[in-house]
Protein chains: 2
Amino acid sequence: MSDSDTTADSSSDASAEASPSVGGLSGHAGTSTTSSSVSVGAQIRNDIIKGIHPPGGKLREAALAKQYAVSRIPIREALRSLEAEGLVESRPYSGSMVAPSPVEDAEDLFEIRIVLESATAKRAAKRAAEQRNREVPDSRWRGVRREINTILDEGDDVIEQERYEDLAVLNMRFHFAVAELSGSLSLVSLLRQISGKIEWLYSLNVTRRGPQAWPEHRDIIAAIDAGQQAKAAEVMAGHVRRSRDSYFAMMAETSTQTD
Amino acid sequence: MSDSDTTADSSSDASAEASPSVGGLSGHAGTSTTSSSVSVGAQIRNDIIKGIHPPGGKLREAALAKQYAVSRIPIREALRSLEAEGLVESRPYSGSMVAPSPVEDAEDLFEIRIVLESATAKRAAKRAAEQRNREVPDSRWRGVRREINTILDEGDDVIEQERYEDLAVLNMRFHFAVAELSGSLSLVSLLRQISGKIEWLYSLNVTRRGPQAWPEHRDIIAAIDAGQQAKAAEVMAGHVRRSRDSYFAMMAETSTQTD
DNA sequence: TCCTGAGAGTTTGTATACAAAACGATAGGC
DNA sequence: GCCTATCGTTTTGTATACAAACTCTCAGGA
């Protein structure tokens with residue numbers, strides 16, 4: 001046991017708070033109280049995606065507790081969440097390990113994501129039209145809609161300053177915000193699960209198509225704002241498809257030596 | 001606190017062990033040790049789907065602990081899982097409540113399920129072909145494949161004896177087993193999330209198309225065994241589509257008075 | 001040499017206890 | 001009368017402690 005504290009504690013350093021938990025995603029905007037259970041969960045998720053915890057690696061609760069400086073209880077709760085998200089595999093009394101990387105499933109995951117995000121865009125457009133016909137505007141809806149503007153503007157700034165590494169988080173926030181506009185918690189939770197895996201995919205290669213894809217987001221929002229359900233779905237589908245193609249192109253480039 | 005024990009304890013009685021946890025789904029076949037955390041989770045999930053915990057209802061940990069006769073720790077872990085599955089909404093220091101029912105999302109959920117299950121069937125067929133070309137057969141694969149035969153036979157028995165209420169569980173077990181044949185943990189975990197919601201949909205109306213749909217399962221397996229990827233996907237898609245149509249037909253019948 | 005089984009040690013599972021935050025009621029001020 | 005602040009209660013969050021189960025090692029025998 002003497003070597004157990006040699007486990008790399010380089011993990012949660014700076015990246016800790018850069019979790020993809022994406023603002024007030026799960027409804028209930030505003031409240032900032034953040035239990036350590038959920039923040040530790042985000043950190044572990046990040047570290048899995050970054051490869052700090054490699055696929056197949058055992059996740060020992062005591063070690064994680066020491067590493068993230070909390071007791072085992074928050075660790076266990078985080079592991080349960082990650083297990084349900086499919087990033088971690090657990091067996092009673094036998095412990096948890098990082099799930100195998102979803103590289104093999106890339107094609108299927110993107111296909112599902114296309115359908116899923118088309119649905120969120122469509123539903124968002126539907127709700128936008130409903131909002132327009134309303135007397136009393138839904139304050140929650142307006143809040144999310146406004147947040148999207150902020151995200152889009154921030155993205156423009158980031159691109160102008162060529163801080164492309166920040167684009168990934170903004171991109172996720174955008175897509176989640178659209179899902180939230182749809183008003184459907186089911187779709188949001190599904191998106192969370194899928195985009196977790198897809199983010200994991202992306203972490204294997206570093207770059208992203210980012211910059212030239214960003215303006216497409218404004219097209220998506222335009223269709224949503226106009227209440228054009230079919231068009232919103234279509235534009236979103238195209239956006240995700242291009243994202244997929246870019247991913248596979250990147251993989252093809254990278255893995256010229258693999259096979 | 002004197003009245004707190006009047007909470008209906010009728011919940012977990014018999015249905016407890018009829019959880020949709022579906023055999024050795026998460027890999028690691030064989031071991032039977034079942035932590036109370038996961039079994040309590042299954043019970044709560046069941047009770048949510050049954051409507052015993054109504055959408056929007058608060059889930060107080062102490063009450064649940066008393067109701068399911070465990071301490072708060074397993075309850076909390078179960079709630080974290082259910083939260084990640086989208087059946088429960090939680091906010092730190094504010095507690096958990098049952099998520100809104102996914103009825104509004106029925107159409108989208110089925111659409112996603114069609115894509116998802118087509119993918120599992122296709123991948124299963126691919127793997128079946130690979131198995132055939134192998135010297136050493138994958139024992140895990142063989143186990144699952146054999147389990148499917150058992151499920152199909154049991155289903156036939158159940159139909160012959162007209163115990164249609166048992167068909168739902170068998171149906172789920174079948175679809176999960178196919179997902180497992182695909183060898184993809186990502187797809188399995190996605191299916192778990194989606195089918196949880198769809199099961200919730202179904203619980204609103206009681207009946208199912210069950211009997212006449214059951215034989216279709218053998219067609220799916222036939223295509224998989226033959227290694228015909230495209231056909232397997234196609235047959236599975238048709239199967240799920242008919243399931244969807246049946247659902248909406250049922251809804252149309254049932255809700256003639258609603259609007 | 002290989003298999004089997006018992007034992008110690010490690011790791012997970014759960015209960016209890018306490019700390020911290022949110023919620024609700026009540027009293028005070030405008 | 002209504003709003004606001006404060007206190008007490010309730011509920012959740014987390015640490016500690018102990019029980020239960022698994023795993024690995026090693027001795028014994030076929």
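Below, read A as the first sequence line, B as the second, and so on, with proteins coming before strands; counting in each chain starts at 1.
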#### Entry: Whether B:Lys126 side chain and B:Ala121 backbone form a donor-acceptor pair below 3.5 Å
no

### Interatomic distance where CD1 belongs to B:Ile75 and P belongs to C:dG13 [whole Å]
16 Å

### Message
Determine whether a donor-acceptor pair (N or O, by modelled atom type, separation under 3.5 Å) exists between the side chain of B:Arg127 and the backbone of B:Leu181.
### Response
yes

### Query
Salt bridge check: are B:Asp157 and B:Arg163 linked by an N-O gap of less than 4.0 Å?
no

### Task
Classify the nucleic acid contact of B:Leu59 as base, sugar-phosphate or nothing, counting any heavy atom under 4.0 Å across all strands shown.
sugar-phosphate

### Summary
The side chain to side chain donor-acceptor pair (under 3.5 Å) partners of B:Ser195 (sequence neighbours excluded) come to none

### Query
Between A:Arg91 (CZ) and C:dT11 (P), how many Å, whole number?
16 Å

#### Entry: Distance, rounded to the nearest Å, where A:Leu64 contributes CG and C:dT11 contributes P
12 Å

### Task
Select base, sugar-phosphate, or nothing to describe what A:Leu79 touches, counting heavy atoms under 4.0 Å on all strands.
nothing

### Query
Between the main-chain N or O of A:Arg91 and the side-chain N or O of A:Ser94, is there a donor-acceptor pair closer than 3.5 Å?
no

### Query
Within less than 4.0 Å of OP1 or OP2 of C:dG13, is there a side-chain N or O belonging to A:Arg80?
yes

### Protein-nucleotide distance (A:Met97, atom CE; D:dT23, atom P), rounded to Å
13 Å

### Message
So, does A:Ser94 get its side chain near the phosphate of D:dT23, meaning an N or O under 4.0 Å from OP1 or OP2?
### Response
yes

### Query
Can you tell me how far C1' of D:dT12 sits from CD of B:Glu83, to the nearest Å?
13 Å

### Query
Expressed in angstrom and rounded to an integer, what is the separation of A:Lys58 atom NZ from C:dT12 atom C1'?
10 Å

Between the protein and nucleotides 14-18 of chain D, which nitrogen or oxygen pairs are less than 3.5 angstrom apart?
unit_1 : atom_1 : unit_2  : atom_2 : d
D:dT14 : OP1    : A:Ser36 : N      : 2.6
D:dT14 : OP1    : A:Ser36 : OG     : 2.7
D:dT14 : OP1    : A:Ser37 : N      : 3.4
D:dA15 : OP2    : A:Ser71 : N      : 2.6
D:dA15 : OP2    : A:Ser71 : OG     : 2.6

### Message
Under the rule for salt bridge (Lys or Arg N to Asp or Glu O under 4.0 Å), what residues qualify as partners of B:Arg80, not counting sequence neighbours?
### Response
A:Glu77, B:Glu83

